[in-house]
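Report on the following structure.
Both counts, for ligands and for their atoms, begin at 1 and track the order of listing.
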Amino acid sequence: MCGIVGAVAKDNVVPVLLEGLLRLEYRGYDSAGLVVSNNSLHRVRTTGRVAELVKLVDEQQAEGSAGIAHTRWATHGAPSERNAHPHVSGEETKIAVVHNGIIENHEAMRKRLQADGYEFVSDTDTEVIAHLVAHHLKQTADLLKAVCLSIAELQGAYAIVVMEEVRPDRIIVARNGAPLLLGLGEEGNYAASDASALLKVTRNMIYLEEGDVAELDRDNYRIVNCLNDPLGEPVERAVHESDLSNEAIEMGPYDHFMQKEIFEQPGAVANTLEMVFNAQSISPNLFGSTAEKIFSDTDSLLILACGTSYHAGLVAQYWLETVAGMPCNVEIASEYRYRDPVANPRTLVVGISQSGETADTLAALSYAKKLGHQHSLAICNVAESALIRQTDLRFLTRAGPEIGVASTKAFTTQLASLLLLTVTLAKMRNKLSVEHEQQMIKALRHLPAAVQSSLQVEPEVAVWAERFSEKHHALFLGRGVHYPIAMEGALKLKEISYIHAEAYAAGELKHGPLALVDSEMPVVAIAPNDQLLGKLKSNLQEVHARGGELYVFADADSQIQESENLHVIRLAEHAGLLSPILHTIPLQLLAYHVALNKGTDVDKPRNLAKAVTVE
Ligand code: AGP
């Protein structure tokens, strides 16, 4: 999704802006641009990659000691140079704006501003902000006040950064529903939508709150909040030292971030479960200091998430019901937020998100609270995210930054965290004997090694991938707790290889999808040696009998033999509750190798963004 960087410093800020944009590239975007101020506003924009912007900036020798920059993921108006940010307004009072999020009342505002004589040159909602701020600036002659007055009129969730030609020594930023933070550096002050954009210049960050507007110059900053006073009341916000790892964002010896992230999974899972490895027993405190009290008041769970994180929630539902005996509902966040569900105050609401910035998940969680749910838990990979700040309890998946748009290590670390949650709740509800708890701790300690062993099948998967590259469709089958893993496998394949893939609970085949099966339809099946294996084998027979080509990921002890049109890759012996995590790895590898063969943009698949910060 869109990314923002702003800077005011002693020296030329162009390198800081460009470095910041490069670090935000992983979020997904289709155009990029910047404005720097040096007597006049110098704007450079392109529909290409940030690398293209770097070239243009160099050619045009753009420089200045204040600037704003942006990567745009198109919402209003096609990806084009004309629609790329920054947008500008005004002649005498020329200002430039970059913006993340959506202005919901942009049509009405556009009409009003056009009636006032403002000319629009783009299709974006952002241009409304530029003209509105210019309009208020004419009246107030103070950019901070003009921004405050403008946001009082704008509806939607957004973050903006604004600068003014006649005051090239400062930038104004505002947050309303979309993430924005300040970076306080030695050489200047900065703003960005994501802490990783500023790591080269500072680790001292201020996370702005809803309604905050801040003015930054190279030595100072001040923040006002406009929620209750349209001209802003001065507020203090705490400075945090970011502990994001700088190196974690480098690609190292890998060809793609996704590849790196797949192979990082043993370490990512180990980091996530570190606290358990040295413990003699499992404690609810792992989820927060008030977890024991909250968990003992909890009689059921409601999981809210999107995409891959939703699939993690579906796996957790099986675990929570089977191991902890707890009722659990899992809802797609974008659906839940517009339903009229009945709240149970004793239901713990769990938001799962890699980024912690997914707009639908954040909104669904707020909605759940509004409906009367009292307690919430975040399972999230970004310590400094909105989700983490929105919940009573939290558990960090310590996967490290995930750059590839296709989520891999975030998913397996979410599963590891959810298994830990299951075991914790089971223990508190006396569903887990001391002996069983010890077995679970042992199993969790073994998980990183087990993940490592699943990675060993890569060469065999790569051979299969060659056969998939020619295909247009694929089916994925699983049963029980492995059905959501089949869904995740299908999502991975479609998002990076653009092959149409669907997952079915294998028992559903004969209720319709079997009609699709012929020799052109590869059918991928997950065949763990669990209590449903016998049933699954019958479902595979149904496919085989109709000339379908089966690709089966089986446990070593699943006793499925290769035959014509039935290919088998064997993992280790059945791993009990850990099995869904281990069966995920070959599916990630399959999607990765098919995408490699097809030559698609593995880390930045078309039309997708890493953090979906708009509805
Ligand atoms: C998965 O590969 C995706 N790119 C996507 O489905 C993602 O999981 C979803 O957008 C939710 O993101 P989050 O975990 O950051 O909330």
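At least one heavy atom of K492 sits under 4.0 Å from some atom of ligand 1. Note on ligand 1: A611 sits outside its first shell, no heavy atom being nearer than 4.0 Å.
If you check which protein heavy atom lies closest to atom 11 (C) of ligand 1, you get C306 O, 3.4 Å. Atom 15 (O) of ligand 1 has S355 OG, 2.7 Å as its closest protein atom, hydrogens excluded (heavy atom only).
Counting heavy atoms closer than 4.0 Å to ligand 1, residue T308 contributes atoms from both its backbone and its side chain. Contacts with ligand 1 closer than 4.0 Å are made by side-chain heavy atoms of E495 only, the backbone lying farther away.
When only modelled atom types and interatomic distance are considered, Q588 and T408 share no side-chain donor-acceptor pair under 3.5 Å. T397 and T272 share no side-chain donor-acceptor pair at under 3.5 Å.
A salt bridge links K260 and E264; the closest N-O separation between the charged side-chain nitrogens and carboxylate oxygens is under 4.0 Å.
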Check: residues 372-379 side-chain donor-acceptor pairs under 3.5 Å, at least two apart:
| from | atom 1 | to | atom 2 | distance (Å) |
| --- | --- | --- | --- | --- |
| H373 | ND1 | A368 | O | 3.1 |
| H375 | ND1 | D392 | OD2 | 3.4 |
| S376 | OG | D392 | N | 3.4 |

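F476 pairs by the ring pair (Phe, Tyr, Trp, His ring centres under 6.0 Å) definition with nothing, not counting sequence neighbours.
Note that the CD1 atom of I206 and the CZ atom of R237 stand 9.5 Å from one another [nearest 0.5 Å].
Polar contact check, Q414 against ligand 1: no nitrogen or oxygen pair lies under 3.5 Å apart. Polar contact check, I352 against ligand 1: no nitrogen or oxygen pair lies under 3.5 Å apart. The distance criterion of under 3.5 Å between nitrogen or oxygen atoms is met by T358 with respect to ligand 1.
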